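Data block below; observations after.
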Amino acid sequence: MAELVIVGGRDIQGSLQDIFKFARTSPVPRQKRSIVVSPILIPENQRQPFPRDVGKVVDSDRPERSKFRLTGKGVDQEPKGIFRINENTGSVSVTRTLDREVIAVYQLFVETTDVNGKTLEGPVPLEVIVIDQNDNRPIFREGPYIGHVMEGSPTGTTVMRMTAFDADDPATDNALLRYNIRQQTPDKPSPNMFYIDPEKGDIVTVVSPALLDRETLENPKYELIIEAQDMAGLDVGLTGTATATIMIDDKNDHSPKFTKREFQATVEEGAVGVIVNLTVEDKDDPTTGAWRAAYTIINGNPGQSFEIHTNPQTNEGMLSVVKPLDYEISAFHTLLIKVENEDPLVPDVSYGPSSTATVHITVLDVNEGPVFYPDPMMVTRQENISVGSVLLTVNATDPDSLQHQTIRYSVYKDPAGWLNINPINGTVDTTAVLDRESPFVDNSVYTALFLAIDSGNPPATGTGTLLITLEDVNDNAPFIYPTVAEVCDDAKNLSVVILGASDKDLHPNTDPFKFEIHKQAVPDKVWKISKINNTHALVSLLQNLNKANYNLPIMVTDSGKPPMTNITDLRVQVCSCRNSKVDCNAAGALRFSLPSLLLLSLFSLACL
């Protein structure tokens with residue numbers, strides 16, 4: 001390197017080559033500026049004393065009494081006061097220790113001024129470069145470092161990459177890192193299971209696939225202490241360490257095997273639930289699908305009476321009865337069951353004979369309750385049949401056909417108390433009149449329950465349902481509604497009330513209804529009743545009546561064969577209606593119909 005100082009002459013624009021070219025062609029070259037500065041290089045981490053001269057600015061054509069002035073970041077800008085210049089000599093000094101990792105380069109400016117501070121020359125850039133020292137250790141910043149490698153992987157398989165950071169100048173050996181493995185735990189089956197690329201930081205396997213057998217390792221987890229050293233790994237370099245955790249992952253290279261070739265189970269007939277747990281062994285990782293078992297019944301379950309599920313905690317196969325078994329049909333069952341893993345086996349491993357097992361199931365006989373057939377039992381009868389009528393004879397059989405037991409019958413639920421059953425032969429007859437309109441009858445059907453009890457020890461009981469459909473008989477007279485009406489004594493519209501009729505019986509023992517006024521009790525020329533439809537009629541007056549209460553006997557007849565008739569008094573209040581006010585309170589004396597007067601007379605005679 002050389003320093004070129006051009007003094008005197010005019011300012012020259014352009015490159016150095018242009019300057020020399022200009023010098024050859026121009027007899028009087030011009031100088032661009034007279035201030036000469038060179039980059040200043042300062043090592044970081046310098047010690048006292050401070051301030052310390054680090055460079056000098058030269059001005060070969062500086063007027064007398066002019067001064068140097070230094071500006072920029074590190075002088076009059078934050079961080080302020082790091083650098084200063086002797087205004088007379090141009091010496092540049094540093095006032096404190098520098099840190100390259102904080103600021104690597106300071107861009108300053110130098111100029112000359114007159115005594116009044118007016119700029120004469122400049123500003124000219126002055127670059128201060130902080131020289132790096134190896135004062136930062138390598139740091140692993142991206143942890144934790146966890147890698148995985150499949151068991152049986154070939155030698156040279158890359159597991160993971162670890163890289164460290166060094167804050168020193170990357171263009172120097174201060175930040176040139178080299179990696180190595182300081183420690184491996186555990187150190188078996190080989191103390192050198194892995195290798196790290198010293199430049200890239202790639203960790204690879206260096207042992208044969210046979211040594212990477214997860215099932216034979218003491219621990220499938222290895223911890224490596226990785227060291228990064230700067231200065232390209234020289235002894236003078238600084239170091240940093242981190243831990244790499246490497247997991248040897250399982251692959252499905254072991255098939256599950258039953259612990260026994262045959263299993264035994266017993267179950268009572270009619271029971272459901274788990275009857276036996278089938279145990280298996282598998283050397284693979286219990287946290288993976290290579291260990292978890294899946295069971296299948298491959299023979300002996302045509303009726304789908306059995307199911308098998310995996311216990312997620314123990315990996316056992318829980319064999320269950322889901323449809324009750326019948327001892328009288330089959331006292332023994334034999335199932336063939338296979339076990340597989342959730343994950344497929346690796347190509348060079350297959351399921352062997354130990355992956356199947358036989359289960360022998362013995363069904364225990366229990367005393368079962370008799371069974372009614374059919375159930376429910378259904379009969380149809382007319383209501384109001386005579387007491388003692390036979391409805392049917394129930395039939396219950398004992399499933400325990402080999403025990404030759406006897407059966408007795410009894411009534412279990414008879415809400416209305418209408419029935420009786422012969423305990424020996426099961427004949428059901430009536431003890432009361434059957435009524436379709438009873439509140440115990442739902443939609444014309446009466447429900448009763450019977451018991452069949454065998455002679456076992458202890459005895460077993462079966463329940464049967466009897467549904468009696470009751471056919472309707474015209475045994476209910478119709479009734480009218482409403483039974484009270486009001487009318488004004490001066491009404492122009494002489495309509496009194498619309499009557500409706502209802503009947504508890506069923507069609508055809510109900511409507512159409514026939515409405516009439518009981519003519520023996522009421523004068524013909526006062527009241528009138530007119531049919532509206534099959535269920536309603538209109539009661540009206542033929543003339544206005546005085547204010548009073550009247551009882552009008554209404555006779556309604558249904559369409560049954562034979563028909564039934566009901567006479568009901570309709571109470572009509574003739575009220576005073578004045579100024580939009582209806583007064584029925586002082587309706588006057590009650591006007592009785594003829595039957596009512598006769599009854600009143602008879603009552604008076606009886607009291608004498």
Side-chain angles (χ1 to χ4, degrees), residues 41-48 50 52 54 79 82 94 96-106 128-151 153-208 211-212 217-249:
L41 283 72
I42 307 174
E44 64 174 334
N45 302 325
Q46 286 185 323
R47 299 181 180 178
Q48 296 281 357
F50 292 105
R52 176 181 301 194
V54 293
I82 297 178
V94 62
R96 69 186 75 164
T97 300
L98 302 182
D99 187 348
R100 191 204 69 85
E101 286 70 46
V102 177
I103 300 177
V105 178
Y106 293 87
V128 179
I129 301 172
V130 183
I131 301 174
D132 185 44
Q133 288 188 341
N134 191 21
D135 58 345
N136 288 277
R137 293 180 179 275
I139 299 174
F140 291 90
R141 301 191 298 185
E142 300 175 358
Y145 297 91
I146 300 175
H148 294 264
V149 61
M150 189 68 69
E151 65 171 330
S153 295
T155 303
T157 299
T158 299
V159 180
M160 60 191 297
R161 171 174 288 186
M162 290 187 64
T163 56
F165 169 77
D166 195 311
D168 289 321
D169 189 352
T172 67
D173 285 355
N174 296 339
L176 184 59
L177 304 182
R178 293 293 182 264
Y179 301 93
N180 70 89
I181 299 175
R182 294 292 302 273
Q183 182 180 338
Q184 171 190 301
T185 305
D187 59 357
K188 296 179 180 179
S190 169
N192 299 305
M193 299 285 289
F194 306 94
Y195 167 79
I196 188 167
D197 186 298
E199 296 183 5
K200 297 179 181 179
D202 290 337
I203 300 176
V204 299
T205 62
V206 293
V207 295
S208 66
L211 291 181
L212 277 180
L217 296 175
E218 292 183 3
N219 190 339
K221 181 174 73 173
Y222 286 87
E223 291 189 348
L224 308 180
I225 304 299
I226 305 298
E227 179 184 74
Q229 187 171 28
D230 59 22
M231 299 300 293
L234 296 178
D235 291 342
V236 296
L238 302 177
T239 61
T241 60
T243 300
T245 301
I246 299 177
M247 306 298 300
I248 310 301
D249 291 340

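These numbers come from a predicted model, not from an experiment.
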Nearest 0.5 angstrom please: [X] [atom1] to [Y] [atom2], how far?
{"X": "Y195", "Y": "D197", "atom1": "OH", "atom2": "CG", "answer": "5.5 Å"}
{"X": "R182", "Y": "I196", "atom1": "CZ", "atom2": "CD1", "answer": "13.0 Å"}
{"X": "R52", "Y": "Q46", "atom1": "CZ", "atom2": "CD", "answer": "4.5 Å"}
{"X": "F140", "Y": "T243", "atom1": "CZ", "atom2": "OG1", "answer": "10.0 Å"}
{"X": "I248", "Y": "K221", "atom1": "CD1", "atom2": "NZ", "answer": "12.0 Å"}
{"X": "E151", "Y": "L211", "atom1": "CD", "atom2": "CG", "answer": "12.5 Å"}

Do [X] and [Y] come within less than 4.5 Å of each other through their side chains, counting heavy atoms only?
{"X": "M231", "Y": "L238", "answer": "no"}
{"X": "I42", "Y": "I129", "answer": "no"}
{"X": "L98", "Y": "Y106", "answer": "yes"}
{"X": "M193", "Y": "L212", "answer": "yes"}
{"X": "V207", "Y": "P189", "answer": "no"}

Checklist entry - Got a sec, which residues hit side chain to side chain contact (heavy atoms under 4.5 Å, CB included) with R96, two or more places apart in sequence or on another chain? => result I82
Item to check | Pairing residues for R47 by the side chain to side chain contact (heavy atoms under 4.5 Å, CB included) criterion, not counting sequence neighbours | outcome: none
Output a table of donor-acceptor pairs, distance under 3.5 Å, between side-chain atoms of residues 198-206 and any protein atom two or more places apart or on a different chain; print 'none' if there are none.
unit_1: D202; atom_1: OD1; unit_2: R161; atom_2: NE; d: 2.5
unit_1: D202; atom_1: OD1; unit_2: R161; atom_2: NH2; d: 3.2
unit_1: D202; atom_1: OD2; unit_2: R161; atom_2: NH2; d: 3.0
unit_1: T205; atom_1: OG1; unit_2: P154; atom_2: O; d: 3.2
unit_1: T205; atom_1: OG1; unit_2: G156; atom_2: N; d: 3.2
unit_1: T205; atom_1: OG1; unit_2: T157; atom_2: N; d: 3.2

Checklist entry - Do the side-chain N and O atoms of N174 and D230 include a donor-acceptor pair separated by under 3.5 angstrom? => result no
Might you point out which heavy atoms bring [X] and [Y] nearest each other, and give the distance in Å?
{"X": "D249", "Y": "M150", "answer": "O-SD, 3.6 Å"}
{"X": "N134", "Y": "G237", "answer": "ND2-CA, 4.3 Å"}
{"X": "P170", "Y": "A175", "answer": "CA-CB, 3.8 Å"}
{"X": "A242", "Y": "M162", "answer": "CB-CE, 3.9 Å"}
{"X": "R100", "Y": "D169", "answer": "NH2-N, 3.0 Å"}
{"X": "M160", "Y": "I246", "answer": "SD-CG1, 4.2 Å"}

Next on the checklist: I need the full list of salt bridge (charged side-chain N to carboxylate O under 4.0 Å, His left out) pairs touching residues 133-147, with sequence neighbours left out, sorted by first then second residue.
Outcome noted: none
Item to check | ring-ring contact (aromatic ring centres under 6.0 Å, His included) partners for F194, two or more places apart | outcome: Y222
Item to check | side-chain hydrogen bond (donor to acceptor under 3.5 Å, both in side chains) partner of Q133, chosen from T172, N45, D168 | outcome: N45
Next on the checklist: Given 3.5 Å as the limit, does a donor-acceptor pair link the side chain of Q184 with the main chain of P186, or not?
Outcome noted: yes
Item to check | Q48 CD: over 12 foreign heavy atoms closer than 6.0 Å | outcome: yes
Checklist outcome for this item: Contacts satisfying side chain to side chain donor-acceptor pair (under 3.5 Å) that involve residues 232-241 (not counting sequence neighbours) are none
